[in-house]
Each structure stands twice: as C-alpha cells, then as structure tokens.
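Throughout, protein chains are lettered first and strands after them, A, B, ... in sequence-line order, and every chain is numbered starting at 1. Since this is a predicted model, take the numbers as computed values, not measurements.
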Amino acid sequence: MIYLIYDNTFEGFLTAVYDVYELKLEKVAIRKSNLEIPQLFGETIDVVTDKNKAKRVADKLILILGKQSFQSLLKVLLSELETIEDSILNFIRYTIKTNNNVFNDFGHPAVLKIQQTLKKLSRERHRMNAFVRFKLANDGLYYAFIEPDFDVLPLISSHFKSRYADQKWLIYDLKRNKGIFYDLNNVEVVKLEENTKRGAREGLDINLNTSEIEFQKLWKCYFKSTNIASRKNIKLHLQHIPKRYWKYLIEKN
Amino acid sequence: MNWDRINEKLSILADAAKYDVSCSSSGSKRTNKGKNLGDSSGVGICHSYTEDGRCVSLLKILLTNYCIYDCLYCVSRKSNDIKRAAFKVDEVVDLTLNFYRRNYIEGLFLSSGIFKNPDFTMERLVLVAKKLRLEHKYNGYIHLKTIPGASDELMYEAGLYADRLSVNIELPTKSGLKLLAPDKDHKTMLAPMETIQKGIQIYKEEKKIIKSSPKFTPAGQSSQMIIGATNESDFDIVKTSTFLYKKYSLKRVYYSGYVPVLSDNKLPALHTPVPMVRENRLYQTDWLFRFYQFKPQEIVNHNYPNLDLEIDPKLSWALRNLEQFPIDINTADYHMILRIPGVGVRSAQKIVAARKYAFLNYEQLKKMGIALNRAKYFIICKNYYPSQDFEQNRLRNEILRFGKSKYSSHFSNQLSLF
C-alpha cells in the first residue's frame with residue numbers, strides 16, 4: 001500500500017488525485033498529514049501541492065459533474081473523517097470511468113458514503129446555526145465558542161454575516177483553534193492568544209457587558225416557562241440536543 | 001430596566017402562550033438589504049428544544065393574559081384565578097432584539113389575551129411589529145396572532161409588518177366551539193382568514209407589476225385547533241383542516257392535544273393524559289395529503305372515521321388496499337413509490353434518482369435507509385419478492401409483532417377510551 005500524504009488543503013488533495021493517475025497507482029490511499037500512518041505496512045509519499053495539477057483535476061471533474069456537485073464533493077473533506085479520502089477517490093474513479101454524473105447513484109457504495117457524509121455535515125452546519133450563543137462584551141463584541149464535530153466554520157460564515165450585519169461578532173472553534181470574526185465589513189479567519197482561550201475553556205467571562213447576565217437569566221426563565229411538564233419527553237429532547245452540545249448552551253447550564 | 005419585574009412577567013406570559021403549537025420560522029423571503037439586523041430568507045431554525053421535545057424557534061409570548069373572554073379550554077380565561085401580567089410595547093421590542101442578537105431565537109411570536117376590546121388589543125400587537133420593522137430595521141421573523149373581531153384596517157396593517165399571521169379556529173367543530181367558547185362564534189373566527197387571504201392575493205398581483213411592492217404576510221397564514229377536548233372524530237378534524245387548506249390557502253394547520261387545565265363536566269377529567277399519539281397520527285395524516293399526494297378521504301372517511309393509533313395512517317391505508325401491492329421499486333411511478341409504507345419523501349426521491357443508473361436490490365435499499373421492516377411486505381425489487389401472501393389482519397399483527405412502537409406505553413390507557 002502506498003500512502004500519499006497531503007497538506008489538508010483542497011488543492012493538496014486534488015494534487016494527490018492527479019498523482020494517483022499520473023503514477024498509475026492502484027493500491028493507494030490519500031491521507032491527511034496530521035494522521036499517524038503505520039510505517040510497517042506501506043510506503044509514504046509526501047504530496048507537493050501544485051496549483052496546476054489541482055486545477056487540471058478540478059476542470060476535468062467540473063466538466064463531468066458540473067460545478068455544484070464538484071463543490072459538494074470537496075466539501076466532504078470538511079468532515080475530517082480519517083478515511084473519507086478513500087470514498088472521494090473511489091467516487092472520482094467511478095466518475096472518470098463512466099464519464100457520467102454519478103452524484104445521485106445512491107446504489108453505489110462510494111456515492112452513498114459521500115451523500116451520507118454530506119448529510120452529516122449539513123446537519124452539523126444547521127446545528128451550529130442554531131446552537132451558537134453570543135455573549136455581549138463591554139466593547140460591543142458579540143462572541144461565542146463552539147466545538148463542532150466537523151470543521152463547519154466555512155459553511156456557517158455567510159449565514160451569520162447576512163443575519164448579524166450591524167454588530168461585530170466572533171465565533172471561535174476551540175477544538176480547531178480558529179475562529180471567524182466579522183468587523184462590520186468582512187469576515188476573516190482569526191486565531192486567539194493562548195491565555196484568552198484558556199480563559200474561555202474554564203468558563204471565565206471577562207469584560208461582559210453589564211446587561212449580559214440579565215439577558216441570560218431572562219433566556220433561561222423563558223426556556224423553563226415555555227416547557228409543558230405534562231408532555232415531558234426526555235428521549236426526544238436528547239435526540240434533538242445531544243449532551244455534547246450542552247456546554248455552550250446557556251439554557252442547559 | 002427592572003430586571004426582576006421583567007423576569008416575572010416573562011415567566012407568566014411565556015407560560016400562558018405555550019399552548020400555541022406553532023413555532024415555524026420558515027417560508028419568509030425577508031432578506032437583509034443594507035447593514036441592518038436580521039434575515040429571514042432561509043430555512044427555519046430551531047434554536048433549542050424544551051424537555052417535552054418541542055422546538056424553540058421563536059420568542060412565544062402573550063402581550064397580556066388579562067382576557068375579557070371565558071373560553072373553557074383556555075388557561076387565561078376570565079374566571080380562572082391566576083396571576084395576570086402585561087408587557088409594555090417597548091419591553092417586548094427590547095426582549096426580541098436582545099434575544100435575536102444573541103442568536104437565541106429566529107424571531108417573535110406574539111399573541112394576546114383580549115383586554116378592553118379586540119381593536120385595542122390588536123393595535124398594540126401591530127405596534128410592536130411596526131416598531132421592530134421601522135424603528136429598528138429588524139428583518140427577523142414575526143408571527144402575529146390576530147384577534148377575532150379586530151377591524152380589517154388593523155388586520156391589513158399587521159400583514160405589512162408580520163411574516164405570518166394566524167387565526168386559531170380553536171375547535172374542530174362548530175358545536176364544540178359553542179359548548180366551550182360561548183363568547184366566540186365560528187363566523188367571526190373565519191372572517192379574518194378571508195381578509196388575510198385577500199391581502200395576500202392583492203400583494204401577489206401588485207408584485208407582478210411593481211416588483212418593490214411592500215411585502216404582505218410573505219410566510220402566509222396558519223391556524224390551530226385543540227383536539228380531544230370535545231368528542232369529535234378524526235374525520236371531523238380532517239374535514240375542517242381540509243376546508244381551511246382549500247378555502248384560505250393556509251400554510252399549516254396545527255393540532256394541539258388538549259392539556260387538561262380545568263375541572264368541568266363539559267371537559268375531559270383533569271387526570272386525562274394528553275392525547276399525544278392521536279395528535280401524532282393527525283400530523284402524519286396532514287403530511288400524507290400535503291406531501292404524499294393522498295386525498296384526505298383515502299385516509300379517513302365515513303367507514304373509517306378514526307385513525308388507528310397503533311399503526312401509522314399510511315400503513316393503515318396500505319392494509320386496507322392490499323390489492324395495489326406489491327409495488328415494483330424499479331418501475332413504479334413516483335406517486336406509487338410514495339405510497340409504500342416505510343418510504344418517506346426523501347427516500348422516494350432517492351429511489352427514483354438512483355434507479356436511473358441501475359436496478360436496485362434489497363441490500364441497496366437497506367443501505368439507503370429505507371424502513372424495510374414495514375416496506376418489505378409491500379415491494380418488489382431486483383431479486384426480491386415478498387415471501388408471503390398475507391391477509392390484512394394477519395399482516396397487521398405480523399408487523400406489530402416485530403415493530404415496537406415508541407408509543408406502546410400509551411396504548412393501555414388510551415385505547416380503552418375507544
């Protein structure tokens with residue numbers, strides 16, 4: 001088995017696909033650079049990301065799949081699943097071989113896996129659109145911390161930008177140590193200092209706006225009052241908000 | 001701001017509003033033009049879920065729970081000895097904006113008890129929406145409950161600022177309404193629906209000519225009825241909802257299982273369980289005629305006036321119409337694929353898309369997520385035929401024996417009522 005190691009970027013992955021075809025590799029797996037590869041079982045090659053190679057693969061796939069399906073295919077990488085590259089590569093091989101847009105061929109295992117992963121991603125994106133809870137800081141910044149299952153920041157950015165266009169906000173993914181910050185004009189990717197993050201993890205809210213705690217209390221009060229006790233259904237409740245999301249949900253703390 | 005006082009009001013007025021089922025925040029087309037607050041052009045979002053498993057999408061409150069009416073099913077009725085409170089217009093505006101900015105909610109669902117008279121009440125509801133839209137340039141979702149008996153002018157103004165308007169029909173039958181809500185009458189409840197529908201039609205016509213015509217209730221109107229408070233049949237309920245969908249082009253009709261709030265010999269006793277299974281079956285039926293191309297009378301009619309609580313209405317229909325099965329997954333029309341028990345709308349679409357590439361077999365259907373525990377008795381696919389030729393009742397028992405309903409604990413005490 002040959003392992004092609006890429007730099008976790010879309011272009012790096014597409015370059016790896018190019019190399020698979022260029023070197024006519026059969027027993028091959030594409031892997032992210034941060035994974036441990038068992039050296040005993042195979043050879044590893046570091047892929048050198050190459051814009052031109054990536055573009056040639058992209059052009060070919062767009063030609064067969066159309067732009068939208070191609071973008072969805074790449075989006076699957078945001079799932080960060082350890083072996084998801086295998087399914088994408090199989091999907092690409094199947095596409096090239098049949099020269100047909102196979103995106104809806106749910107009977108094919110690789111296509112089904114891609115579709116299922118897209119569904120999971122979309123669910124997580126939707127959850128983050130729902131579960132982000134902003135807190136208002138003294139300087140007028142609305143900030144929120146999240147730890148989503150997948151790397152969904154690129155997928156939620158435009159939603160928050162169009163919704164909260166007149167307030168400065170920051171959504172920070174503590175798991176992946178990056179955030180998106182909106183300065184009333186643009187959204188940019190940012191990294192926080194180590195001590196600020198530690199503070200966030202330990203639940204220290206510094207420099208909160210004086211009204212912030214009051215609105216949190218009101219929200220909790222609302223959440224409690226709107227429940228109908230005689231219809232209690234904890235199983236359904238947990239199905240909708242699994243426990244791993246509670247940490248940052250004000251009403252569940 | 002007096003936080004403690006606001007807190008108390010919020011707990012009273014949210015508690016009083018919670019029996020209104022709607023929490024929908026979808027279907028509007030209000031985009032954020034310029035750098036303002038809010039956008040309701042996308043899908044609805046449930047920001048949280050209460051312990052009863054219901055979605056929290058909107059700040060759902062009453063402006064006040066003072067009420068001049070005495071409807072027996074309602075917790076805010078005049079004769080009920082409860083704490084009363086009233087929000088000021090600015091308090092509601094402030095709460096909505098601050099909750100919205102923190103991403104707690106999609107918007108506001110404002111309803112009210114009727115104080116002084118319908119117009120006086122409606123005027124204040126409209127004022128909240130108007131302030132949010134005009135003073136605060138707020139584009140989040142607004143659902144206003146209209147007050148029966150309020151003037152057409154106010155109703156029209158409400159439509160200019162709200163995304164959705166609703167008028168609750170309250171009870172599925174006229175006789176039920178007469179019995180439990182002597183102050184209200186059927187005609188007064190339907191009149192505002194007609195006004196709103198006309199408004200929507202006029203807006204649609206105007207928009208064809210002038211693209212920038214002001215929006216009018218872009219997410220349409222909805223209604224709600226309480227079920228299980230009077231002795232209506234499911235057929236009665238479905239007749240009423242079909243009428244509302246057809247006549248007033250409603251977006252949604254909600255069914256709210258009666259929660260006993262008062263002891264009275266006209267009402268189910270206080271300890272009666274909330275008819276949650278029946279409510280669920282009614283929603284399934286509602287879905288069947290809105291998304292599955294069923295006609296309402298195929299599901300309930302004079303011969304079958306009540307839904308089977310133990311099995312879902314589509315399965316129940318299939319068992320009564322076994323001669324239409326088995327259906328071939330690989331060749332049948334989409335219309336028929338939708339009728340297979342265990343196949344949902346998404347699954348049906350997947351089947352129709354996937355079979356263009358190659359005929360599908362049983363294993364593939366399983367992997368695609370089709371509920372084969374029910375579907376397997378009703379389908380043919382590549383290399384698969386249903387094994388036995390069942391008679392209706394035996395098949396029903398066979399499916400029940402292998403499937404365990406999540407509601408089975410409810411059956412013992414609910415079935416005995418029928």
- prompt: When the ring planes of Tyr362(B) and Tyr384(B) are compared, do they come out parallel, tilted or perpendicular, using 30° and 60° as the limits?
  reply: tilted
task: Measure the acute angle between the ring planes of Phe134(A) and Phe160(A), then classify it against the limits of 30° and 60° as parallel, tilted or perpendicular.
output: perpendicular
Under 4.5 Å from any heavy atom of chain B - which part of Gln115(A): neither
Residue [X] versus chain A: region with a heavy atom under 4.5 Å:
X: Phe99(B); answer: side chain
X: Ile61(B); answer: side chain
X: Asn36(B); answer: backbone
X: Arg355(B); answer: neither
X: Phe359(B); answer: neither
X: Ile6(B); answer: both
X: Glu8(B); answer: neither
X: Leu59(B); answer: both

Salt bridge between [X] and [Y], side-chain N to carboxylate O under 4.0 Å?
X: Arg231(A); Y: Glu51(B); result: no
X: Asp149(A); Y: Arg244(A); result: yes
X: Glu106(B); Y: Arg163(A); result: yes

query: Is the gap between the ring centers of Trp3(B) and Phe215(A) under 6.0 Å?
result: yes
query: Among Cys46(B), Ala14(B), Ser48(B), which residue forms the greatest number of heavy-atom pairs with chain A at distances under 4.5 Å?
result: Ser48(B)
message: Could you work out, with ring-ring contact (aromatic ring centres under 6.0 Å, His included) as the rule, every residue matching Phe150(A), not counting sequence neighbours?
response: none
- request: Could you tell me which residues satisfy ring-ring contact (aromatic ring centres under 6.0 Å, His included) with Phe70(A), sequence neighbours excluded, listed by chain and number?
  value: none
task: Any chance you could measure Ile105(B), atom CD1, to Leu97(B), atom CG, to the nearest 0.5 Å?
output: 8.5 Å
- request: Could you check Glu147(A) against Tyr245(A) for side-chain contact (heavy atoms from CB on, under 4.5 Å), going step by step and ending with a plain yes or no?
  value: CA-CA 8 Å; Glu147(A) 291 178 59; Tyr245(A) 297 101; over 6 Å; no
Looking at chain B, which one of [options] has the largest number of heavy-atom pairs inside 4.5 Å, strictly under?
options: Lys217(A), His159(A), Lys224(A), Glu214(A); answer: Glu214(A)
options: His240(A), Lys232(A), His108(A); answer: His240(A)
options: Ile228(A), Thr226(A), Leu238(A), Ile234(A); answer: Ile228(A)
options: Phe106(A), Trp219(A), Tyr142(A); answer: Trp219(A)

- request: Go through the steps for Lys382(B) and Leu360(B) under the test side-chain contact (heavy atoms from CB on, under 4.5 Å), then give the verdict.
  value: CA-CA 6 Å; Lys382(B) 195 178 164 192; Leu360(B) 299 166; 6.0 Å; no
- line: Taking a cut-off of under 4.5 angstrom between non-hydrogen atoms, the residues of residues 132-142 of chain B near chain A are none
task: Only counting residues at least two apart or in another chain, list the ones meeting side chain to side chain contact (heavy atoms under 4.5 Å, CB included) with Ser87(A).
output: Ile84(A), Lys113(A), Ile114(A)
Arg30(B) and Ser41(B): CA distance, side-chain angles, deciding distance, side-chain contact (heavy atoms from CB on, under 4.5 Å) verdict: CA-CA 5 Å; Arg30(B) 205 175 292 277; Ser41(B) 59; over 6 Å; no
